[in-house]
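Below is one structure, written out as structure tokens; comments come after it.
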Protein chains: 2
Amino acid sequence: MQSSKQKKLEQNGWKVGSASDFLELTPEEEAYIELKLSLCRTLKKIRTRKHLTQSDLAKKINSSQSRVAKMEAGDASVSLDLVIKSLFSAGASSKDIRNAIPQS
Amino acid sequence: MQSSKQKKLEQNGWKVGSASDFLELTPEEEAYIELKLSLCRTLKKIRTRKHLTQSDLAKKINSSQSRVAKMEAGDASVSLDLVIKSLFSAGASSKDIRNAIPQS
DNA sequence: TTGCAATATGTCAAATATGACATATAATAA
DNA sequence: TTATTATATGTCATATTTGACATATTGCAA
């Protein structure tokens, strides 16, 4: 039986582990995914703090509202590159990004 | 005339600015590229500190020596996702990654 | 020198991420 | 209710990133 946490990851399109290793994440996989999801949450926080709509932000990064929505939902189809670019474009500081990195 | 800094970026394959705006980076572009390059340098530092060859690390991340070399060279063809995954696989801590984020 | 391990560079088909678009859902006001 | 704005979800052709491979270069010991 899967944990609800993992279920949620898989709902978002995350391929958790390899085919032969379906239930476990390596610590490295886990750290990477948690870092990414934390940055996605931070993006939503900062965007709303700056009173920007998803469409506003999309325009700034030459993308579309739907892609911003996917980023903020932590969808597996979006790259860290786009999340970081979006954070800066939304007005995040390096400090904001630093603080978004989970402990340990 | 281009700055040597920009020349170096373009040597590494970075598309700096748009076609119409060839000399300037937006502050957001600049922050993103600097963050990425800093993480690439950190990867090399940590890998060597751990006495791993590029091939060793490549094996850990199911990639190839040449891609690790490109990462460490700050080549524009590598994603932040791969750099972050590599950092964790090389044994970097969240603190290491946090510290790699440039100020301001 | 020569030999060998490590790293760098270039290329390419396959895999993945992309913006754009349609459309669904939610939230809020009139 | 309806209208409107914001956000969510699904799809798809195109663009970018991928691991793999060949091969060049570097560094260093014998």
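Here is how names work: the chains are called A, B, and so on, in the same order as the sequence lines, proteins then strands, and each is numbered from 1.
Residue contacts for B:K44: at a heavy-atom cut-off of 4.0 Å it reaches the sugar-phosphate backbone alone, with no base atom in range. Among the protein residues, A:D75 comes within range of no part of the nucleic acid, since none of its heavy atoms lies under 4.0 Å from any strand. Residue B:D81 is classed as having no contact, given no heavy-atom separation below 4.0 Å to the nucleic acid. B:V68 comes within contact range of no nucleotide atom at all, as no heavy-atom separation falls under 4.0 Å.
Put simply, B:T53 has no side-chain N or O that comes within less than 4.0 Å of OP1 or OP2 on C:dA6. Between B:R47 and C:dT7 there is a side-chain polar atom (N or O) within less than 4.0 angstrom of OP1 or OP2. Contact annotation: B:S66 does not reach the phosphate of D:dG19 (side-chain N/O to OP1 or OP2, under 4.0 Å).
For A:I61 and C:dG19, the CD1 to C1' distance is 10 Å, given to the nearest whole Å. As rounded to whole Å, 7 Å separates atom C1' of C:dA8 from atom CD of B:Q65. The distance between atom CE of B:M71 and atom C1' of D:dG19, rounded to the nearest whole Å, is 11 Å. One atom, CG of A:L52, and another, P of D:dA6, lie 11 Å apart when rounded to the nearest Å. Here D:dT25 presents its C1' atom at 13 Å from CD of B:Q54, a figure rounded to the nearest Å.
In summary, A:R47 and A:E72 engage in a salt bridge, as defined by a charged side-chain N under 4.0 Å from a carboxylate O. With salt bridges taken as basic N to acidic carboxylate O contacts below 4.0 Å, none links B:K45 and B:D96.
Counting heavy atoms from C-beta on, the side chains of B:L43 and B:C40 never come closer than 4.5 Å.
At a cut-off of 3.5 angstrom, counting only N and O atoms as typed in the model, there is a donor on one side and an acceptor on the other between the side-chain of A:K70 and the base of D:dT11.
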Audit row: B:I97, B:L39, side-chain contact (heavy atoms from CB on, under 4.5 Å) steps and yes/no: CA-CA 7 Å; B:I97 294 177; B:L39 289 166; 4.1 Å; yes
